[in-house]
Structure formats: structure tokens, C-alpha cells
Amino acid sequence: MNESQSNSEVAADLPKANVKKSGRYFSIVWTVPVIAAILAAYLVYGHLQQSGPKITISFKDGSGLRTGQTPIKYRGVQIGEVIAVELSQDHQAVLVKARLQRSAASIAREGAVFWIVRPEVGIGNITGLGTVITGPEVDVLPGTGKAQSEFVGLENAPVALEEKGLKIVLITGRLGSLRPGSPVYYRGVEVGTIQQCDLSPNAATVAVQALIKQRYAKLVRQGSKFWNVSGADVSLSLFRGLEVNMESLRSLAAGGVAFATPDDPKDQPAKDGLTFPLYDKPAKEWLEWAPNIPPVPVKQAHEKDLKQNLVKPPARQTNNMQERRRSED
């Protein structure tokens, strides 16, 4: 017997392994990736179901805005998110691209107003403290016109933009300590606010735009007198001693305006845009005026506000972005 025959006999005596064919059985190794892929597809589908329109907002300064982190909010509720921040081609503006939720798609209409909320500490008011930790956020007031995807953002938060009321203009030779947000008083009660302060067209005077709240609008008549109550009026006399008169601590710090209305039944109510001179001090007789003009009840004034549409966009919000796009094309 040769060596080859011996090896074959030994190999024949060895036990044979039973090999079973796996067929088309799915290995457990692929179970985890498949489940992960299904979950990812579900999340992507849910995100697409909630996604609304994509919009672009132009700001002069985009500091603090972060892609995927900065929220778009309306009345404190997040309705979208910033998805990109980039410079315009002329490097004169920051283009903030955002995606709104589908439920908030109707907000992106002509007349919508966007602004960046940052922490601000000033005389008389403190705003945006909630963004110290979370970072800036973009707030919005919805528009009422046609659907739109490009907007020009405001540099500052609008003052009483959503509140209805009587809008008047006060003309003065010197602004003093009046600022946007300064109060307007009637008999010591805050009935309005200063919205904007700017030079008149001829630059000889200052035009102060004020808003009187809806329920107090009837108090302003064509014969009403307005005066500046910023700071304190200090007088010293022999018999009375030192007298300090001021409207409120807030007006002492942030400025303010007061007004009085004569008791004249023929005096007509003021209309939007009416101009009044703003005096440095009131005449003695103005302080004695006491017309019987009851304000509108709070509930009734609130119902009027709900029936009215939102205010029109400010005049400074123009079609600059559209013109920029045309030039780029």
C-alpha cells in the first residue's frame, strides 16, 4: 500500500461536516441599519410635512444669528428657523434665509415686519433679556397682502406697531430727552407712546410721531395742547420753599409728553396725521381744563382692535431687495 492510498483511507474515515445552505435568510447584522434607515426616512418625511415656505430677510447687521439655531418667533412661539446667513453681492446687507413652518405660511405676506431681538438696556426700559443665554431671535408681525418671499428687516424693534390708535405729529424746536418709547400722559395716566423722532423736511424743527391708544383717542381734539414733561421743574420761593414738579420717575429718566384738552363742545376730534406744536411748559389755564370725555371701555377697545387689520408696513420698508436682485441678474 502506497502512501497516497493510505492518506485517502484516513481521509475517508474522518467525520464530515454538515454544511447547511443559508438560503435567503436575512442576517441579524443588517437589522440595526435597516431600522435606523426607516426611522430616518420617517423623520425626514415628518419634517417635510411641517416645512413651509422659504423666505429671505435683508438686514444691515446679522451679528449673533446662527444657522440651524436662531428661531423665527411670533407672539413668543417659534414658527420657523434660520437656515442660512450670507452677505449680499454688493456686501451692503446680510441676507438671512429662513424656513417657516407650514402652519405659519400665511405670515409671509406683503406688509410683514421682521426685526432681530437682542438684549438692550436703556434709560427707562430693559428689553430682550431672554436672549442673553439663547442668543438673538428674529421676531415678526404678519402681513395682510399677497404672498411674498423677500423682506427688508427693521434695525430696531417697532414701537407699538401692532397696537391700534390715533397717530399724531408733534413739532418742536429741540428734542431734549424724548426717545422712541417715551410715554404720553393725560392727567398723569399713560395713554400713548412716542414712536419715532426725526428732523422735519426743512431740518429746522423736529417731528415727533406719537401714538395715542385706541381707548384714549377721543381725548385728543384739534384744540389740545401738548408740552414736554422731560426732567423735573424745580422752583424756589420765599414762602413755599423748594418745589419739585415732575410727571413720573419714568419721564424723569426717559422723557415724556403730556397734553390737555379744552372743554369746548365745538372742538372736533383729532384725525390721524394731525400736527400739534410741542411746548416746553404748559400754560396755567391748560392745567385747569377738565372736559367730560370718557375713554372707551377696555373690552370695547379690544374688540375694535380685533376687527381691524394689522397696520400697514412702515414707509421705509421698500423694494430695495427686489432692485438688488434685478441688478444681480
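Around the CG atom of Asn202, the shell of radius 6.0 Å holds more than 12 heavy atoms that belong to other residues, nucleotides or ligands. No more than 12 heavy-atom neighbours from other residues, nucleotides or ligands sit within 6.0 angstrom of CG on Asp280.
Nearest approach of Ala108 to Ile55, heavy atoms of both residues: CB-CG2, 3.9 Å. Minimum heavy-atom separation, Pro295 to Tyr216: CB-CD2, 3.9 Å. Here the closest heavy-atom approach between residue Ile79 and residue Ala104 is recorded as CB-CB, 3.6 Å. Ser177 approaches Ser182 most closely through the heavy-atom pair O-OG, 4.4 Å.
Side-chain contact between Leu95 and Leu87 is absent, with no heavy atoms from C-beta onward closer than 4.5 Å. Considering only heavy atoms from C-beta on, Val191 stays 4.5 Å or farther from Lys213 through its side chain. Two residues are said to be in side-chain contact when any heavy atoms from C-beta on lie closer than 4.5 Å; Tyr74 and Leu141 meet this criterion. Asp264 places none of its side-chain heavy atoms less than 4.5 Å from the side chain of Arg221.
Of the possible donor and acceptor atoms, none in the side chain of Arg99 sits under 3.5 Å from a partner among the backbone N and O of Pro53. Between the side chain of Asp267 and the backbone N or O of Gly223, at least one donor-acceptor pair lies under 3.5 Å.
Here the CG atom belonging to Leu170 is positioned 5.5 Å from the CZ atom belonging to Phe226, to the nearest 0.5 angstrom. If you take CD1 on Ile293 and NZ on Lys218, they are separated by 8.0 Å, rounding to the nearest 0.5 Å.
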